[in-house]
Amino acid sequence: MSHPIDELTQQKLNKLAALRSAGIEPFPYGYHRSHTAVEAVNTAQNNKDALLTQEFRVNVAGRIMAKRGMGKTVFMDLRDGSGKIQLFFRINNFSEAKFNTVKDIDIGDILGAQGKLFLTRSGEPTVEVSDFTLLAKSLQPLPEKWHGLVDVEKRYRQRYLDLISNPDVKKIFETRSKTISAIRDFLNKRDFLEVETPVLQPEAGGATARPFITHHNTLDRDFFLRIALELHLKRLIIGGFDKVYEIGRIFRNEGISVKHNPEFTMLESYETYADYQDVMKTVEDLVSSVCQQVHGSMKVEYNGQTIDFTPPWRRLEMRQAVMQYAGLDYEQFPDTASLKAEMTARKMQFDPMRERGKLIDEIVSTYVDPQLIQPTFLYDYPIEMSPLAKKKPGSDHIVERFEAYCGGMEIANAFTELNDPIDQRQRFMKQMEDREKGDDEAQKMDEDFVLAMEHGMPPTGGLGIGIDRLVMLLTNQTSIREVILFPAQREKID
RNA sequence: GGGCCGUUAGCUCAGUUGGCAGAGCAUCUGACUUUUAAUCAGGCGGUCCUGGGUUCGAGUCCCAGACGGCUCACCA
């Protein structure tokens, strides 16, 4: 796509030509920095007295963010990945020809500068530049210096401009990166093995969601982009790894909202000989220690509330939660018909096509989820919504499953994994029945997975954590797009 | 998909009852050798999201559409 060359770009192209004809290459190949901006600032501040008697020379490089001409001197703000430092150019330090090229350096250009550190009258650490090198000429103007880039659409479509002009945004993504590192550290220290499993799959299983479909040309068949990591990680448990995890991209062909992006990042971990009670401890330990590592505290501000991740978290049986927040005991309505009748009597809204499990899910998301601001484990789920979880001992309709809620959002989902291949096959059969009844989100039979399980799968505790939502909590963002660098957008045709 | 809101200079935003398209920053010219949202003087810069309609006249009113935000629904 070509862009019209507007006046501002033309002016910069003219400067670029002027630099070239003065023998300056506007896009050279490298530059040796001696200090980052922050290192240079710290050097100046830690040697205030010595600066007067001794030369501290530095080479810094970065983007010019501001330029203030003052007659025969020029000040610039230079920013690199670490922060900002001020540059000071005075005519005395240059030939007239060289000083004239300073006017061809624009805001937005990438510049290398060499010189000695000093403090200005107001105490600002500054490099008195003795030589400078243009490292890349910018041909487009930067957003407004004071308000930054505000237009949300432009912020997402041209995220680099957002990152350049909005330091808070940059911080969010630094926090995201630190969060993921901290998760890896936590799991690696506990002897979990990080693995990678296929994104392209012949069947998309392990969750209830519509998949994306793609096509392999050589094999001439369709593949699905994975909607979960689960079934392959369990195959690895069967294969003999005691503890595995994967942090990977998941794709779900569903609606886009403030809490949903079509591609998002999921952590799944599986630990042999653990049950869901063990996994609860793992989750509260993991999230609280990640928060501690990222923020230096186990508390965060989220959406006007203080959330405290300090273990232990509240544990709330799902049946009790529904009784407490919706005033309904679903155990008294053991089939779809009786539950529907009761919900109708209570004037609750629901989708009449739904089966009992989905109806309970609807009640939970309407009445319970929004109430769970402080970290809470909701546990013991109806079997209908959990075809991969193991039944509670002595129960034929409750499974050992929990979800962790925080700030009204689901952040984790875990269960004692079903490892009985006969039961697993029956659960898949039940899902297939639901699918034939019109539930196109019901899971498909995965014979290859059942075959794996028939070889013997140890008792295992499994866990999934939505990384994007966890990062939202840790960065006080209420939209998932603010924690995904390039969120899904429609194609812009202009 | 429904509802509400938004789209005006490169950026941030004004724009009154329908009557000549505005400001700040950026940019350009000039002044200024410790400024820092530098300051001062002057200049350039517009498909008012797109397409229709009403009107003597539309940035402004009406209809349709595009894109975005919020929200409800869907969806873990």
Side-chain angles (χ1 to χ4, degrees), chain A residues 3-12 14-15 65-78 84-93 99 103 106-108 118-126 128 138-158 161-162 164-166 207-210 227-228 250 252-262 264 266 349-351 353-354 358 361-362 364-366 369 378 381 385-386 401 403-405 409-413 440-441 464-466 469 478-479 481-482 487-494:
Chain A
H3 303 273
I5 295 179
D6 69 10
E7 193 190 345
L8 293 171
T9 298
Q10 188 55 55
Q11 281 164 351
K12 287 165 182 277
N14 293 345
K15 288 182 180 180
M65 298 300 294
K67 189 178 174 186
R68 296 175 292 278
M70 278 261 323
K72 297 190 171 50
T73 66
V74 177
F75 289 89
M76 296 186 196
D77 292 340
L78 177 141
K84 189 203 96 170
I85 188 164
Q86 181 169 254
L87 305 181
F88 176 54
F89 300 74
R90 66 199 312 181
I91 195 165
N92 315 41
N93 293 339
F99 191 74
K103 77 175 190 327
D106 288 315
I107 290 173
F118 76 107
L119 298 179
T120 63
R121 278 176 201 156
S122 56
E124 171 99 12
T126 303
E128 181 173 346
S138 125
L139 300 177
Q140 297 284 345
L142 288 182
E144 213 253 1
K145 64 181 169 187
W146 192 240
H147 301 91
L149 184 62
V150 174
D151 184 281
V152 179
E153 187 177 351
K154 199 171 260 286
R155 285 185 47 231
Y156 296 158
R157 289 190 195 278
Q158 292 180 271
L161 290 179
D162 193 24
I164 289 169
S165 50
N166 299 324
T208 52
R210 276 177 275 266
I227 57 174
I250 295 295
R252 295 187 181 177
N253 206 339
E254 313 275 7
I256 298 176
S257 82
V258 80
K259 291 190 173 63
H260 300 85
N261 197 62
F264 62 100
M266 180 93 104
Q349 294 198 333
F350 62 90
D351 182 343
M353 295 300 288
R354 292 302 170 76
K358 287 271 189 180
D361 192 28
E362 278 192 42
V364 171
S365 19
T366 308
D369 295 2
L378 207 56
Y381 278 59
M385 22 196 318
S386 318
R401 173 182 181 182
E403 291 187 337
Y405 283 87
M409 254 189 320
E410 178 209 332
I411 58 165
N413 177 21
D440 59 353
E441 287 148 19
I465 291 183
R469 290 181 179 180
T478 54
S479 169
R481 296 181 197 104
E482 295 295 339
Q489 302 274 286
R490 275 177 216 270
E491 188 181 11
K492 182 90 170 180
I493 301 158
D494 46 16

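Since this is a predicted model, take the numbers as computed values, not measurements. Note on naming: letters A, B, ... go to the chains in the order of the sequence lines (proteins, then strands), and numbering restarts at 1 for each one.
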For a quick check of understanding: with a heavy-atom distance under 4.0 Å over all strands, which category does A/Val258 fall into, base, sugar-phosphate or nothing?
sugar-phosphate
Using side-chain contact (heavy atoms from CB on, under 4.5 Å) as the criterion, list what pairs up with A/Asn14, not counting sequence neighbours.
A/Gln10
Minimal non-hydrogen separation, A/Arg252 against A/Ala228, with atom names
NH2-CB, 4.5 Å
Whole angstroms only, please: what is the CG-P distance between A/Asp151 and B/C13?
8 Å
Taking for A/Lys84 and for A/Gly148 the nucleotide of RNA chain B with the nearest heavy atom, the one nearer the 5' end belongs to A/Gly148
Are any protein N/O atoms closer than 3.5 Å to N/O atoms in nucleotides 37-40 of chain B? If there are, list each pair with its distance.
from, atom 1, to, atom 2, distance (Å)
B/A37, O3', A/Lys145, NZ, 3.2
B/A37, N1, A/Trp146, NE1, 3.3
B/A38, OP1, A/Lys145, NZ, 2.2
B/A38, OP2, A/Arg68, NH1, 3.3
B/A38, N7, A/Gly69, O, 3.4
B/A38, N6, A/Gly69, O, 2.9

For the pair made of CD1 in A/Ile85 and P in B/U34, what is the distance, rounded to whole Å?
19 Å
When you compare B/U60 with B/U50, how far apart are their P atoms, in angstrom units rounded to a whole number?
10 Å
Identify, with sequence neighbours excluded, every residue that meets salt bridge (charged side-chain N to carboxylate O under 4.0 Å, His left out) alongside A/Glu403.
A/Arg401
Figure out the CG/P separation between A/Leu142 and B/G10, and round it to whole Å.
15 Å
Using a heavy-atom cut-off of under 4.0 Å over every strand shown, decide if A/Lys15 touches base, sugar-phosphate, or nothing.
sugar-phosphate
Taking B/U35, B/C11, B/U33 as options, the one with an atom nearest any side-chain atom of A/Arg90 is B/U33
Nearest to side-chain heavy atoms of A/Leu8, which nucleotide of B/C13, B/G68, B/G10:
B/G10
Rounded to whole angstrom, note down the P distance from B/G52 over to B/G18.
23 Å
Report the residues that fulfil salt bridge (charged side-chain N to carboxylate O under 4.0 Å, His left out) with A/Arg210, sequence neighbours left out, ordered by chain and then residue number.
A/Glu254, A/Asp440, A/Glu441
Rounded P spacing from B/A9 to B/C48 in Å:
10 Å
Using a cut-off of 4.0 Å on non-hydrogen atoms, how would the nucleic acid contact of A/Ala207 be classed: base, sugar-phosphate, or nothing?
nothing
Watson-Crick or G-U wobble mate for B/G30, both contacts under 3.5 Å:
B/C40
Using Watson-Crick or G-U wobble geometry with both distances under 3.5 Å, which nucleotide pairs with B/G59?
none
Taking CD1 from A/Ile164 and P from B/C11, how many angstroms apart are they, rounded to a whole number?
14 Å
Side-chain touch A/Gln86/A/Thr120, heavy atoms, less than 4.5 angstrom:
yes
Pairwise C1' distance for B/G22 and B/G45, with rounding to whole Å
13 Å
Less than 4.0 angstrom between a side-chain N/O of A/Arg490 and OP1 or OP2 of B/G68, yes or no?
yes
What's the CD-P distance between A/Glu128 and B/U34, to the nearest Å?
12 Å
Kindly point out which of B/U33, B/G69, B/C74 is positioned nearest to the side chain of A/Ile91?
B/U33
Using a heavy-atom cut-off of 4.0 Å across all strands, would you classify A/Ser479 as base, sugar-phosphate, or nothing?
sugar-phosphate
Sorted by position of nearest nucleotide on RNA chain B, 5' first, the leading residue of A/Leu149 and A/Leu119 is A/Leu149
Please determine, for B/C4, whether a Watson-Crick or G-U wobble partner exists with both distances under 3.5 Å, and give it or none.
B/G69
Is there a donor and acceptor pair, one atom on the side chain of A/Asn92 and one on the base of B/U33, closer than 3.5 Å?
yes
A/Lys72 vs A/Asn92, side-chain contact (heavy atoms from CB on, under 4.5 Å): CA-CA, chis, key distance, verdict
CA-CA 9 Å; A/Lys72 297 190 171 50; A/Asn92 315 41; 6.0 Å; no
Taking only the P atom of each, what is the distance from B/G57 to B/G69 in whole angstrom?
38 Å
Could you work out, with salt bridge (charged side-chain N to carboxylate O under 4.0 Å, His left out) as the rule, every residue matching A/Lys15, not counting sequence neighbours?
A/Asp106
For a quick test of reading the model: is some side-chain N or O of A/Gln489 closer than 4.0 Å to OP1 or OP2 of B/A66?
no
Quickly work out the A/Glu482 CD to B/C70 C1' distance and round it to whole Å.
13 Å
Across all strands shown, which nucleotide pairs with B/G24 by Watson-Crick or G-U wobble geometry, both distances under 3.5 Å?
B/C11
Between A/Glu144 (side chain) and A/His147 (backbone), is there a donor-acceptor pair under 3.5 Å?
yes
In whole angstrom, what separates A/Glu254's CD from B/C75's P?
8 Å
If you go through the side-chain atoms of A/Gln86, does one of them form a donor-acceptor pair with the base of B/U35 closer than 3.5 Å?
yes
Under 4.0 Å: is that the gap between some side-chain N or O of A/Arg481 and OP1 or OP2 of B/G69?
yes
Tell me, with the steps shown, if A/Asp369 and A/Glu410 meet side-chain contact (heavy atoms from CB on, under 4.5 Å).
CA-CA 8 Å; A/Asp369 295 2; A/Glu410 178 209 332; 5.9 Å; no
Using 4.0 Å as the upper bound for N to carboxylate O, is an ion pair formed by A/Glu482 and A/Arg155?
yes
Strictly by Watson-Crick or wobble contacts shorter than 3.5 Å, is anything paired with B/A64, and which nucleotide is it?
B/U50
C1'-based separation of B/U33 from B/A38 [nearest Å]:
14 Å
Compare side-chain N and O positions of A/Lys154 against OP1 and OP2 of B/C11 and report whether any pair is under 4.0 Å apart.
yes
Compare side-chain N and O positions of A/Arg157 against OP1 and OP2 of B/G68 and report whether any pair is under 4.0 Å apart.
yes
With hydrogens left out and only the distance checked, is there a donor-acceptor pair under 3.5 Å joining A/Thr73's side chain and the base of B/U34?
no
Who pairs with A/Lys145 by side-chain contact (heavy atoms from CB on, under 4.5 Å), at least two apart in sequence or on another chain?
none
B/G6 and B/G59, which share atom name C1', separated by this distance in whole Å:
14 Å
For atom CG of A/Leu87 and atom P of B/U33, their distance in whole Å:
20 Å
Given the P atoms of B/A66 and B/G43, what is the spacing between them in whole Å?
44 Å
At 4.0 Å (heavy atoms only), tell me whether A/Tyr156 reaches a base, stays on the sugar-phosphate, or touches nothing.
sugar-phosphate
